[in-house]
Every structure is written in C-alpha cells, then in structure tokens.
There are 2 protein chains.
Amino acid sequence: MSSTSSEQQHAILAAALKLLAHGGPQALRVRDIATTAGCTTMAVYSRFGGKDGIVEAIYVDGFHRFTQALEEAVNGRPADQGEQLGMAYRMWALENPGSYQIMFTQAVPGFTPSPEATLMALGSFQVLVDTVQAQQGAGHLRQGDATQIAWAQWGMSHGLVMLELAGIQPTEEPVAAEAVYRDGLHAAARGFAPDQA
Amino acid sequence: MSSTSSEQQHAILAAALKLLAHGGPQALRVRDIATTAGCTTMAVYSRFGGKDGIVEAIYVDGFHRFTQALEEAVNGRPADQGEQLGMAYRMWALENPGSYQIMFTQAVPGFTPSPEATLMALGSFQVLVDTVQAQQGAGHLRQGDATQIAWAQWGMSHGLVMLELAGIQPTEEPVAAEAVYRDGLHAAARGFAPDQA
DNA sequence: CAGATGTTATAACACTGTTATGTTTCTCAA
DNA sequence: TTGAGAAACATAACAGTGTTATAACATCTG
C-alpha cells in the first residue's frame, strides 16, 4: 500500500533526524538509519534513493520548519520585528544544530541540494526581506535595497551562530553569547537606520 | 637526515594544499596526497600521523597566512582600518576557499583542531580586537568591550563570506557581492559608532 | 661490523555507500 | 481462487577510503 510506504518514509526520516540530533551529521550512516527505523538498508534506497536523498529530505524539512519558526516570531510592531526575527533565528539554530549545519554548511561531503530545495531555501530568506520592508515603511530602516539590508543582517546572524555552534566563545562565560548576539543585532539596526534618526 | 624529512613534510603539505585548491576539502585523500607528493601512503603516516595530521597542518598554515594578511592590511588611519580589515578578510577567504573552509567549518568529518591550533586561531581574532581598540581610541567606535564589537564584526564578515562561498547570491549579479559586503561593513561601523557622532 | 631504529613497499583490514541477487510477499486481474 | 507480475526483503558482494600490519631495506650508533 501507499500508506505504509509513506509511513516507512516517515519512520526513516525520523530515524535520520534522531541520529542527527544525537551524533551530528557524521552519525548519518545508511545502515544505522535503517536499523534505527527498523527496516533494512535497502529500504533507504527504495524510499529515498540513497544517502543524498535522506539528506535532501532533512534539508527540505529543516527549511520548512525554519521558515515557519521565523514567520511565527514576527508578530509585534515593526520596531521589534528585527530583534524578534534575529533571536528566533539564533534560537532555532541552537535547537536544531544538525539540521542547521546540513542546511547552511556542507556537512555531508557529497551532498548538494536540488534546484527545488535551493529555491525553498531562498523562500526562507524572503521572511527577512519582508521584515526589512516593513521596518522601512515604519521609518526604522533607511530606504534602499531591502534585499541588501536583509542580506547583511542574515550574514551577521549566520556568522555569529556558526561561531557559536563551533564552540568558539568571545569570552569565558557562555552566557554572554546571547547578549553579544543581541547587541550585534542592535548595532546592525542602528547601522541601517535612516540618517536623521 | 632530518632535512630530507622536513623537505618531505613540506612536499606532502604542498601536495595537500594543491589538491585542496583544485578539488576542495573532499579531494584530500591520503593516497592522492602521497601520489601527488611523490611518496608512499605510509610517508603521510610517518610525517603527519594520518589524515587528521595533514588537516591540522593545513589549519595551522591557514591561520598563519590569514593572520599575516590581516595584519598587513591594517596600515592606514584608524578611520580606514575597519574597512581595510574587512575587505582583506573577504579577499583572503575568496582566494583560499579550501583553507578557509577547513579553518572555519567542519569540512573534514572527523577533524577537530588541537588546543594549540585553537589558540592560534584566537590569535588571529586578536588583530580584529586591536583594530577595534585603535578605532575606539580615535573616537570612531563607541567605548566598551572591544571584544564584543570585534566579535560582531567578525560574525558579519564570516557569515557573508560563507554565504558567498556557498554560491548563494543576494542578487542575480555576482558583481554586487563585494558592494553588499562593503555596505555591511559600513553599517556595522555606524552601528557601533559613538552616540553623538 | 652488529644491532637498533626508522623507512619503504605491499598487502590486508575496517568502515561506509552502493549495487547485485535470489527469495519472499503482495497485488490484482482472469 | 489462482497464478503472473511487481514490489520488497535479506543477504551478500563490490568499490572507495582511512588505517594498520608485516616484511624487506636503509641508516645510524656503539
């Protein structure tokens, strides 16, 4: 039946996500995924076409949830949306480090996402652009290319998150990471504020 | 002799860097490194202890050259040093993408740098902190924790460079990447400027 | 010179992604 | 119901890669 197929697909993906959460990207081994999902190695090939298929599924699932988390975070006045978005970005990455690495770094050697998956990734970026435009409309950000401003903010978020995920700390106290991140967001907001502000 | 040992070490490292430049981190295969260096597979184990030893050598070599490039770039008035440093950061990463990936991402699955190598990496960060302090002294950046400001700037540089290395472009024109990056640097500088400026 | 130490060359091993193969099970029309 | 075709399973084999073993060779030391 098609329903059991789909259930097994789900079980395999869930097993892969479990291994990913527990041991990072390098814990994604086809045999282990199959064992964890309670099926044979071949099932992974029947359902996903191989390891890259699993990784692509994780990639797509990750961006789906990531985009959703970002959209849900933006629910206040435009003045607050930048910080809300930035903090949600970091939070999601810290809670889903394995997925984040697969989505934004080449943690799995041979894997490159399909064109459709890449488009989906850019759709996630659209949330940032929309937020920038809302803030521009409210006079909190300078006029100009919203894509460019969103890109710079994405860059700062991504860079700080990556450094944090890599375990590189600015100070001895790990508690400071969040404060440093928030301060970076504020600085970026000031940097892109209208001239007269 | 010890000199021939050292020469062979150098030949192996050079071969690894050549493969890295040509095919990226996943082109670093022990057999290929040995063949390119004109020695046997075992020589890699005698000289470097295995693949991780080679990767660590690339890591250390990379941070050595990276730090040097950053230091050489800072040679103007404090007002210009931020942009000089940021542009040198991006330029080095684009010219040494393989090394940059090994240094800042986990491009080689099992590899983790030794504590000494990690200290060396933080030494590179010190160039940023020194520059921030010079700019603070000249009144171009707000007073406060120089480490924190440098960290945010590093984050933005790292994030934008990683996105660029991953081939993700903000617009259709690849020429815009440098302009976007430079604008991001300016925004960060404005964001951390003293209040009255 | 003789032994110890290190290096070379070759091969074998372990792990992982992938493919092949024979068997079983299921589906569904006759 | 039944039998043919298809799908899936279980097992094994294959290919690539990091690593280790082993024996022959070289080099240095006393």
Side-chain angles (χ1 to χ4, degrees), chain A residues 1-20 22-59 98 101-102 106-114, chain B residues 1-20 22-59 98 101-102 106-114:
Chain A
M1 267 192 218
S2 172
S3 71
T4 56
S5 264
S6 168
E7 283 168 18
Q8 194 179 39
Q9 261 199 351
H10 190 269
I12 291 174
L13 178 56
L17 287 174
K18 181 179 175 184
L19 289 173
L20 179 64
H22 197 268
Q26 62 178 324
L28 287 177
R29 281 170 295 246
V30 178
R31 285 169 179 79
D32 292 354
I33 293 171
T35 302
T36 306
C39 64
T40 63
T41 306
M42 287 309 302
V44 177
Y45 285 84
S46 304
R47 307 294 179 210
F48 292 91
K51 184 176 182 182
D52 281 8
I54 287 274
V55 177
E56 168 116 353
I58 294 173
Y59 183 95
Q101 282 177 266
I102 286 182
Q106 294 179 339
V108 179
F111 172 72
T112 46
S114 67
Chain B
M1 268 190 216
S2 171
S3 70
T4 56
S5 265
S6 169
E7 284 168 16
Q8 196 180 38
Q9 261 199 353
H10 189 269
I12 291 175
L13 179 56
L17 288 173
K18 181 179 173 184
L19 290 173
L20 180 64
H22 197 268
Q26 63 178 322
L28 287 178
R29 283 171 291 248
V30 178
R31 287 168 176 80
D32 293 354
I33 293 171
T35 302
T36 305
C39 64
T40 64
T41 305
M42 287 310 300
V44 176
Y45 286 84
S46 304
R47 307 297 178 207
F48 291 91
K51 184 178 181 180
D52 281 8
I54 287 274
V55 177
E56 167 117 352
I58 293 173
Y59 183 96
Q101 283 177 266
I102 287 182
Q106 294 178 338
V108 179
F111 172 71
T112 45
S114 66

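In what follows, every chain begins at residue 1, and chains take the letters A, B, ... in the order their sequences are listed.
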In this structure, how many angstroms lie between the [atom2] atom of [N] and the [atom1] atom of [X], rounded?
X     : N      : atom1 : atom2 : result
B:I33 : D:dT17 : CD1   : C1'   : 12 Å
B:K51 : C:dC15 : NZ    : P     : 18 Å
A:Q9  : D:dA8  : CD    : C1'   : 14 Å
B:M42 : C:dT10 : CE    : C1'   : 11 Å
B:D32 : D:dG18 : CG    : P     : 8 Å
B:R29 : D:dG16 : CZ    : P     : 10 Å
A:L28 : C:dG17 : CG    : P     : 9 Å

- Look up atom CD1 in A:I12 and atom CD in A:Q9, then write down how far apart they are to the nearest 0.5 Å.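 Between A:I12 CD1 and A:Q9 CD, I get 7.5 Å after rounding to 0.5 Å.
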
- Taking all atoms of both residues into account, what is the closest heavy-atom pair of B:V44 and B:A34, and its distance? CG2-CB, 4.2 Å

- Determine: side-chain N/O of B:Q26 to OP1/OP2 of D:dG16, distance under 4.0 Å, yes or no. no

- Residues, nucleotides or ligands: over 12 heavy atoms within 6.0 Å of A:Q106 CD: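 No, CD of A:Q106 has 12 or fewer neighbouring heavy atoms, counting only those of other groups under 6.0 Å.
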
Choosing from [options], which nucleotide comes nearest the side chain of [X]?
X     : options                : value
B:V30 : D:dG18, C:dT19, C:dT8  : D:dG18
B:R31 : D:dT17, C:dG17, C:dT8  : D:dT17
B:Y45 : C:dG17, C:dT10, D:dG18 : D:dG18
A:R47 : D:dA21, D:dA8, C:dA20  : D:dA8

- Give A:S46 one of three labels, base, sugar-phosphate or nothing, depending on what nucleic acid heavy atoms sit under 4.0 Å from its own.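 Result for A:S46 = nothing.
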
- Pick base, sugar-phosphate or nothing for A:G50, based on heavy-atom distances below 4.0 Å to the nucleic acid. sugar-phosphate

- Is B:E56 reaching over with its side chain to a backbone N or O of B:S114, donor-acceptor style, under 3.5 angstrom?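 Confirmed, B:E56 side chain pairs with B:S114 backbone.
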
- Task: Decide yes or no for B:V108 and B:I58: does some side-chain heavy atom of the first lie under 4.5 Å from some side-chain heavy atom of the second?
- Result: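 Answer no - side chains too far apart.
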
